[in-house]
Peer 1: 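Quick one: the structure is below, and I'll ask about it shortly.
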Amino acid sequence: MPNTADLTGSLRSSPSRMVLWAWLALQLVVPTALLFAPSRPRPFGWQMYSATRPTPAFTLEWPGDSTGLLDINALLPRRRGEIAYARYVPPHLCAQDSTLRSVVVTERGKAPSRVMCP
Amino acid sequence: MRLFDDLGARTVSPRVLGNMRALVGVVAVAKSLILLDLAPRMLGPDALRVPWIFGLPQLDAQTVQIALVVWLVAAVAFLIGWQFRAAALLLAASIAVVLSSDQHFFQNHVYLLLLLVILLGFSAADGALSVSQRGGAAPQHVPGWPVTLIQWQVSIVYLFGALSKLNIDYLSGATTAGAWLNGATGSWLVGVAGSAGMITFSVASVVLELWLAFSLLSQTRRLAAIVVGVLFHLGLIVTIPERADLTIFSLLMFTAYLPPTAPSTTASRSAV
């Protein structure tokens with residue numbers, strides 16, 4: 001048995017076992033729940049390299065039928081598989097370029113969708 | 001239940017916690033330097049910012065950069081054990097601020113770093129290898145519950161790393177090939193292995209991660225698991241080109257390799 005005099009102050013002694021069990025339970029419950037999420041990888045789920053989520057293609061449309069394909073790498077210094085870019089990129093592009101009319105989002109396995117700029 | 005007893009009764013040498021603190025501290029310093037270098041491009045006026053909740057206002061770039069500087073300073077203090085508890089609190093808070101500022105800052109190893117800093121921050125991890133310990137009488141034993149929780153945490157990471165790979169995309173070898181094809185060594189391996197080889201590699205990695213998750217917690221298989229685990233992480237670093245991030249992730253996982261015993265063993269009650 002350790003000498004209690006060896007142990008440091010109250011903050012460093014063992015906290016309630018309930019707290020420790022709660023920590024462990026949280027660390028098990030969150031990733032377990034995320035295993036059943038509709039897409040992978042998800043943050044906080046320890047789903048490293050578990051699936052590939054291809055980045056959508058974004059076609060920019062200006063008035064007068066002028067179009068262009070976005071180079072997503074120029075926009076993102078770091079691409080994350082957890083992020084649903086189809087949701088975040090069109091509003092960003094519209095805010096960056098006031099002349100832009102719309103953005104067409106093409107995702108694998110889905111029909112293209114057009115997001116109109118305000 | 002043995003784990004129940006172990007969480008409350010285990011004691012360890014302060015040196016075990018000191019080693020863990022030093023390793024996590026080195027990683028925290030390195031990660032802050034990497035992010036400070038990357039931050040201007042991630043936070044620039046043209047950069048795409050992704051909030052955790054759609055439409056929610058985000059922290060401005062200057063606040064995030066200040067948080068990164070605080071992270072660096074706190075990480076140095078954490079590493080050397082100076083004003084340890086305040087350093088741990090500041091470090092955890094600054095990591096949390098950066099993580100919450102944008103989804104692009106989320107990486108599994110940054111989240112793991114945050115968890116390890118919190119667990120070590122509540123421990124007596126400055127009881128050895130620390131500037132605050134110089135000249136003082138070091139205790140021989142300190143509570144070992146943070147060591148136990150860190151060992152379980154790392155096994156949880158391996159466990160869910162394996163379980164999340166139980167899908168057709170991964171087991172077909174496509175995900176592994178996609179990751180490997182970005183680097184020279186990995187590309188060569190994909191070419192040599194072919195599709196049957198990539199399926200074998202993928203299935204083997206799932207089995208390996210599952211085995212590591214349980215064997216690192218086993219006293220009898222622990223040494224073998226450490227050897228296999230180190231080789232596994234070296235394999236990741238060699239084959240996947242995201243070398244800095246994978247090295248940081250590996251070092252954090254090695255935190256649980258440092259204690260001389262597995263949790264939940266009678267011998268570990270007063271492990272050195």
Side-chain angles (χ1 to χ4, degrees), chain A residues 1-9 11-21 23-24 26-28 30-32 34-35 37 39-54 72 74-85 87-93 95-97, chain B residues 3-4 7-11 14 38 41-42 44 46-51 54 85 103-109 111-112 115 119 122-124 127 139-145 148-149 152-153 156-161 163-167 169-170 174-176 178-179 205 236 240 249 269-270:
Chain A
M1 284 291 289
N3 182 348
T4 50
D6 285 344
L7 303 179
T8 49
L11 267 174
R12 295 164 192 236
S13 62
S14 297
S16 157
R17 286 180 182 179
M18 286 296 289
V19 175
L20 302 179
W21 274 106
W23 174 283
L24 267 183
L26 190 69
Q27 293 305 323
L28 285 165
V30 171
T32 300
L34 290 171
L35 283 177
S39 63
R40 289 181 192 165
R42 306 291 284 198
F44 308 108
W46 309 118
Q47 299 179 352
M48 302 78 71
Y49 300 102
S50 61
T52 46
R53 186 195 274 190
I72 193 82
L75 191 68
L76 305 170
R78 174 192 282 167
R79 211 184 314 170
R80 296 293 307 169
E82 295 93 344
I83 298 175
Y85 285 108
R87 188 177 192 189
Y88 293 97
V89 169
H92 175 76
L93 295 173
Q96 292 290 108
D97 183 352
Chain B
L3 173 62
F4 190 90
L7 275 176
R10 186 184 192 187
T11 61
L38 201 58
R41 278 174 286 154
M42 292 177 71
D46 295 335
L48 172 68
R49 303 285 307 276
V50 179
F54 189 72
R85 197 163 298 280
Q103 287 195 50
H104 281 117
F105 281 107
F106 180 86
Q107 290 177 289
N108 287 285
H109 63 265
Y111 175 45
L112 181 60
L115 297 179
L119 288 175
F122 279 104
S123 77
Q140 288 184 336
H141 300 286
V142 292
W145 63 266
T148 299
L149 283 188
W152 275 85
Q153 184 66 57
I156 285 169
V157 175
Y158 282 126
L159 175 66
F160 285 97
L163 293 178
S164 64
K165 291 182 178 77
L166 294 175
N167 64 74
D169 192 22
Y170 186 84
T175 306
T176 308
S205 71
L236 292 178
I240 301 175
F249 170 68
R269 295 291 174 79
S270 56

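Basis for what follows: all heavy atoms, side chains included, without hydrogens, waters or symmetry-related copies. Order of the sequence lines fixes the chain letters, A, B, ..., with proteins taken first and strands second; residue numbering starts at 1 for each chain.
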Peer 1: Between A:Gln96 and chain B, which part of the residue has a heavy atom less than 4.5 Å away: side chain, backbone, both or neither?
Peer 2: side chain
Peer 1: Counting N and O atoms only, with roles assigned by atom type, does the side chain of A:Arg80 sit under 3.5 Å from a partner on the main chain of B:Phe106, one being a donor and the other an acceptor?
Peer 2: yes
Peer 1: Considering only heavy atoms from C-beta outward, does the side chain of B:Arg10 approach that of B:Pro143 to under 4.5 Å?
Peer 2: no
Peer 1: Using only atom types and a distance under 3.5 Å, with no angle test, would you say the side chain of A:Glu82 pairs donor to acceptor with the backbone of A:Pro43?
Peer 2: no
Peer 1: Side chain, backbone, both or neither: which part of A:Arg40 has a non-hydrogen atom closer than 4.5 Å to chain B?
Peer 2: side chain
Peer 1: Please classify the contact between B:Leu166 and chain A as side chain, backbone, both or neither, with a heavy-atom cut-off of under 4.5 Å.
Peer 2: backbone
Peer 1: Can any side-chain N or O of B:Lys165 pair as donor or acceptor with the backbone N or O of B:Phe160 at less than 3.5 Å?
Peer 2: no
Peer 1: Select one option (side chain, backbone, both, neither) describing which atoms of B:Phe54 are under 4.5 Å from chain A's heavy atoms.
Peer 2: both
Peer 1: Go through B:Ala47, B:Gly178, B:Ala179 and name the one with the most non-hydrogen pairs under 4.5 angstrom from chain A.
Peer 2: B:Ala47
Peer 1: Between A:His92 and B:Val50, is there a donor-acceptor pair closer than 3.5 Å when you use the side chain of the first and the backbone of the second?
Peer 2: no
Peer 1: Does any backbone or side-chain atom of A:Leu93 lie under 4.5 Å from a heavy atom of chain B? Answer side chain, backbone, both or neither.
Peer 2: neither
Peer 1: Answer with side chain, backbone, both or neither: which region of B:Gln107 has an atom nearer than 4.5 Å to a non-hydrogen atom of chain A?
Peer 2: both
Peer 1: Relative to chain A, which segment of B:Pro51 carries a heavy atom at a distance below 4.5 Å: side chain, backbone, both, or neither?
Peer 2: both
Peer 1: So which part of B:Leu112 gets closer than 4.5 Å to some heavy atom of chain A, the side chain, the backbone, both or neither?
Peer 2: both
Peer 1: A:Arg42 side chain to A:Leu35 main-chain N or O, any donor-acceptor pair under 3.5 Å?
Peer 2: no
Peer 1: Fit a plane to each ring of A:Phe44 and B:Tyr111, take the angle between them on a 0 to 90° scale, and name the class: parallel (under 30°), tilted (30 to 60°) or perpendicular (over 60°).
Peer 2: perpendicular
Peer 1: Given that the side chain runs from C-beta out, which part of A:Leu76 has a heavy atom under 4.5 Å from chain B: side chain, backbone, both or neither?
Peer 2: side chain
